Amino acid sequence: MINIYVALVFLPLAAAIVAGFFGRLIGDRAAMLVTCLGVTLSALISFVVLYQVGMQGRVEIVHLFTWIDSQAFEVSWVLRFDQLTAVMLIVVTGVSALVHWYSIGYMSHDGSKPRFFAYLSLFTFMMLMLVTADNFVQMFFGWEGVGLCSYLLIGFWYDRPSANAAAIKAFIVNRIGDFGFALGIMAIFLIFKAVDFDTVFAAAPDFAGKSLDFLGTDVDILTLITLLLFVGAMGKSAQLGLHTWLPDAMEGPTPVSALIHAATMVTAGVFMVARCSPLFEYAPISLAVVTIVGALTAVVTATIGLVQNDIKRVIAYSTCSQLGYMFFAAGVSAYSASIFHLMTHGFFKALLFLGAGSVIHALADEQDMRKMGGLYTLLPLTYTVMWIGSLALAGMPFFAGFYSKDIVLEAAYAAHSQVGGFAFVLGVIAAFLTAFYSWRLLFMTFHGKARASEKVMAHAHEAPKVMMIPLLLLAVGAMFSGFLAYDLLVGEGSTFWGNSILVLPANDSVTAAHHVPLWVKILPTAIGVAGIALAWWFYIKRPAIPERLASVHRELYLFLLNKWYFDELYDFLFVRPAKFIGWSLWRGGDGRIIDGFGPDGVAATVLRTARRATRIQTGYVYHYAFAMMVGLVLFVSWSLYLMVGG
């Protein structure tokens with residue numbers, strides 16, 4: 001039985017190697033089929049693992065080999081399959097398999113299909129390494145691996161300067177977060193003398209309340225470690241401050257946006273916090289920070305999504321906002337609710353991205369919603385699945401988001417803490433904004449008069465079956481995953497998670513969430529309906545209102561359109577000073593000092609002297625004879641001087 005666990009993880013890697021190194025030899029079609037079948041087999045095995053591990057309460061540990069053995073520091077390559085891993089496997093392999101098949105149609109006209117599919121499968125393998133890791137170093141390997149694949153896939157169309165810039169930006173911003181994560185792992189080894197989860201988590205209670213000297217200050221050990229780990233999560237999961245890379249990452253092909261930047265890679269930070277719940281539970285300050293950052297991210301990025309015009313960027317900011325929900329759920333110790341929302345979000349957000357890809361495919365790569373409109377008659381199936389995805393995103397009964405978003409908000413309220421109340425209020429506001437911009441996207445894209453050119457509209461058509469079937473399957477997940485998994489994952493008295501997640505009895509907000517007042521349960525849905533109604537009023541009933549509001553409140557409109565000027569602020573604070581320092585070192589250090597004393601100093605002097613010396617070499621014999629006579633006279637004169645002086 002162990003063989004299927006190994007196969008689940010390494011099938012995508014094998015497929016990536018075949019497509020990447022032998023793609024030209026076997027051809028585009030074979031490369032696509034190999035990768036699609038490899039990931040699909042992993043997805044099917046994931047359901048077997050969910051049954052064996054999740055339903056039967058087993059934990060499978062597969063030891064492959066010793067990776068690092070350096071006296072006190074030993075790291076083995078071990079695959080861990082517990083309940084938390086099993087849920088993540090369904091999301092990662094399920095969405096990845098559908099995106100692979102969808103990409104056959106979407107990338108049909110691309111000239112580098114083997115490379116693209118090799119990157120997709122390699123990403124899937126790296127994500128599987130991350131979620132099956134049994135120690136922090138192995139998790140970091142997968143963590144960095146998905147970052148590498150993200151860079152390769154965002155910049156897949158490397159002939160586009162904007163794609164290259166977006167890939168570099170994503171890579172650099174993630175390095176900031178990864179540096180914090182790496183420091184956290186080093187601190188864990190320093191304190192616990194181990195990096196495997198079982199040893200570290202078992203010893204965590206012994207260090208609760210203890211402190212160490214950090215930068216001349218006594219700092220709580222577990223608070224320091226968890227905050228460093230959370231910095232890594234902020235970068236990978238695009239939380240406020242380190243979120244600026246995610247919207248720009250939309251420069252990559254749409255399937256990349258669906259797989260990496262909606263359903264899987266950006267949820268790695270949420271998974272990591274849930275995995276490290278035995279550390280976070282004993283660090284209340286860190287939990288408060290996670291809650292506040294998540295709540296602020298949910299609202300701030302939702303406000304930016306209100307005015308964006310690129311269809312993929314609207315969905316990207318929606319992703320940032322929903323990740324904020326997941327984090328503040330984890331911050332109030334509702335880790336199970338956080339992972340539940342992660343799972344449902346993976347289905348309906350991938351559905352929205354791929355639905356947007358169907359629209360872009362139909363409109364000859366047009367992404368500006370201001371140039372769309374009137375598409376619901378031309379793309380009825382795409383229109384239908386986009387409705388389903390939007391209903392799930394807005395948390396409408398009885399779609400997936402209704403169950404997962406509501407339990408997150410109820411848990412925040414049930415935490416009965418200041419940060420929990422703060423997260424609840426901001427979460428409700430974000431729910432209103434989410435409903436509004438979701439239907440703004442629907443109405444601008446599919447309703448009203450057609451704003452695309454007649455030539456584009458004449459050729460607009462539904463995507464081929466290889467693209468539509470994955471959309472329909474994701475739509476099924478967006479409709480039913482919440483209902484089917486609610487009792488199992490977050491139902492009252494659920495024992496599904498076993499020891500994969502630790503929640504102290506005093507922090508059990510998920511259990512308390514089932515006993516909140518009725519108005520807390522009704523409010524998110526009512527707020528969502530209000531947001532949808534306002535969007536209908538603005539973009540269907542009175543379409544002149546948005547332009548009038550943008551004109552009257554132009555400063556606020558530009559503030560949101562320019563994404564709260566985060567990029568400009570970072571450019572002013574970090575990019576320009578870095579460029580100035582680099583220019584100063586180049587002109588002053590390299591130019592004046594190194595070149596001044598080197599090539600322009602000593603070397604130049606030697607060169608000038610040599611050039612002057614060459615002028616002595618005239619080629620005439622009498623010149624050389626005269627020089628010899630002068631030399632002889634000087635030699636004799638010097639000898640006589642020495643004799644007389646002696």
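Keep in mind that this is a model prediction, so the values were computed, not measured.
Between M234 and V293, the closest side-chain pair of non-hydrogen atoms falls below 4.5 Å. No side-chain heavy atom of F65 sits under 4.5 Å from any side-chain heavy atom of S76. Proximity of E281 to Y335: side-chain heavy atoms (C-beta onward) are separated by under 4.5 Å at one or more points. For the pair S96/F123, no side-chain contact is recorded, criterion being any heavy-atom separation below 4.5 Å from C-beta on. Side-chain contact between V256 and F116 is present, with at least one heavy-atom pair separated by less than 4.5 Å. Looking at F181 and V231, their side chains never come closer than 4.5 Å, going by heavy atoms from C-beta outward. Residues L351 and I388 meet the side-chain proximity criterion, which asks for heavy atoms closer than 4.5 Å. Between L183 and M186, some side-chain heavy-atom pair lies under the 4.5 Å cut-off.
Under the 3.5 Å distance criterion, with hydrogens and angles disregarded, a donor-acceptor pair is assigned to the side chains of D196 and T199. A donor-acceptor contact under 3.5 angstrom links the side chains of S121 and H100, judged on distance only. For the residue pair Q322 / Y317, no side-chain donor-acceptor distance below 3.5 Å is found, with atom types taken as modelled. The closest side-chain donor-acceptor pair between S286 and T223, if any, does not fall under 3.5 angstrom.
Pairs of residues two or more places apart, or lying in two chains, that qualify as side-chain hydrogen bond (donor to acceptor under 3.5 Å, both in side chains) and include a residue from residues 234-243 are Q239-T297. Listed by first and then second residue, the salt bridge (Lys or Arg N to Asp or Glu O under 4.0 Å) pairs that reach into residues 74-103 are R80-D82, R80-D134, R80-D198, D82-R275, sequence neighbours excluded. Sorted by first and then second residue, the side-chain hydrogen bond (donor to acceptor under 3.5 Å, both in side chains) pairs with a member in residues 34-43 read T40-W101; sequence neighbours excluded. Residue pairs that meet the salt bridge (Lys or Arg N to Asp or Glu O under 4.0 Å) test with at least one member in residues 110-133, sequence neighbours left out, are D28-K113. Listed by first and then second residue, the side-chain hydrogen bond (donor to acceptor under 3.5 Å, both in side chains) pairs that reach into residues 10-19 come to none, sequence neighbours excluded.
When all heavy atoms of S358 and A463 are compared, the closest pair comes out as OG-CB, 3.8 Å. When all heavy atoms are compared, the tightest approach of L229 to C276 is CD1-SG, 4.1 Å. Shown here for A170 and I154, the closest heavy-atom pair between the two residues is CB-CD1, 3.7 Å. Here the closest non-hydrogen pair linking A204 and L222 is O-CD1, 3.6 Å. The shortest heavy-atom contact between I168 and Y151 is N-CE1, 4.1 Å. Annotation for V92 and T264: closest pair CA-CG2, 3.8 Å, computed over non-hydrogen atoms.
The distance from atom OH of Y119 to atom SG of C149, rounded to the nearest 0.5 Å, is 9.0 Å. The CG atom of D178 sits 10.0 Å away from atom CG of L242, with the distance rounded to the nearest 0.5 Å. Taking CE of M127 as the reference point, atom CG of L122 lies at 13.5 Å (rounded to 0.5 Å). Atom-to-atom distance recorded for F201:CZ and N499:CG is 12.0 Å, nearest 0.5 angstrom. Atom CD1 in I315 sits 9.0 Å away from atom CG in L393 (nearest 0.5 Å). With rounding to the nearest 0.5 angstrom, the OG1 atom of T93 is 7.0 Å from the CZ atom of F47.
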Pair W143-M272, side-chain contact (heavy atoms from CB on, under 4.5 Å): steps then yes or no: CA-CA 10 Å; W143 191 274; M272 186 263 283; 3.9 Å; yes
Determine, stepwise, if the pair W497 / L84 fulfils side-chain contact (heavy atoms from CB on, under 4.5 Å). CA-CA 7 Å; W497 298 101; L84 180 57; 4.0 Å; yes
Verify side-chain contact (heavy atoms from CB on, under 4.5 Å) between S338 and V408, making sure each step is shown before the conclusion. CA-CA 7 Å; S338 177; V408 165; 5.9 Å; no
If you apply the rule ring pair (Phe, Tyr, Trp, His ring centres under 6.0 Å), what do you find for F327 with F230, and how did you get there? CA-CA 10 Å; F327 273 108; F230 181 58; 5.6 Å; yes
Just do the side-chain contact (heavy atoms from CB on, under 4.5 Å) check on T267 and V91 with the steps written out, would you? CA-CA 10 Å; T267 61; V91 177; 5.8 Å; no
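Looking only at distances, no side-chain donor or acceptor of S321 sits under 3.5 Å from a matching main-chain atom of T301. Judged by distance alone, with hydrogens and angles left aside, the side-chain atoms of T226 form no donor-acceptor pair with the main-chain N or O of A283 at under 3.5 Å. In this structure a side-chain-to-backbone donor-acceptor pair under 3.5 Å is present from T124 to L120. Side-chain atoms of T132 come within 3.5 Å of backbone N or O of L128 as a donor-acceptor pair. No donor-acceptor pair closer than 3.5 Å links the side chain of S318 to the backbone N or O of V314. Here the side chain of T291 pairs a donor or acceptor atom with the backbone of G331 at under 3.5 angstrom. A donor-acceptor pair under 3.5 Å is formed between the side chain of Q138 and the backbone N or O of V78.
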Listed pairs under 3.5 Å, donor-acceptor, residues 6-27 side chains, sequence neighbours left out:
none

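For Y570, the OH atom sits in a packed shell: over 12 heavy atoms of surrounding residues, nucleotides or ligands are nearer than 6.0 Å.
Listed by chain and residue number, D310, I311, K312, I360 satisfy the side-chain contact (heavy atoms from CB on, under 4.5 Å) test with Q367 (two or more places apart in sequence, or in another chain). Here V359 pairs with L363, M372, L375, L379, T382, T445, F446 under the side-chain contact (heavy atoms from CB on, under 4.5 Å) rule; sequence neighbours left out. With sequence neighbours excluded, the residues satisfying side-chain contact (heavy atoms from CB on, under 4.5 Å) with I292 are L296, V419, F422. Remark: S481 engages M343, T344, F347, A400 in a side-chain contact (heavy atoms from CB on, under 4.5 Å) (not counting sequence neighbours). For R29, there are no salt bridge (Lys or Arg N to Asp or Glu O under 4.0 Å) partners at least two apart in sequence or on another chain. Considering only residues two or more places apart in sequence or on other chains, R313 meets the salt bridge (Lys or Arg N to Asp or Glu O under 4.0 Å) condition with D248.
Using a 4.0 Å cut-off between a side-chain N of Lys or Arg and a carboxylate O of Asp or Glu, R175 and E144 qualify as a salt bridge.
Ring geometry, Y102 versus Y106: the interplanar angle falls under 30°, so the pair is classed parallel (tilted spans 30 to 60°). Classification of the H345-F348 ring pair by plane angle, with boundaries at 30° and 60°, yields perpendicular.
Aromatic rings of F141 and W77 (six-membered ring for Trp) have centroids within the 6.0 Å cut-off, being under it.
The ring-ring contact (aromatic ring centres under 6.0 Å, His included) test with F73 is passed by exactly one of W67, F136, F189: F189.
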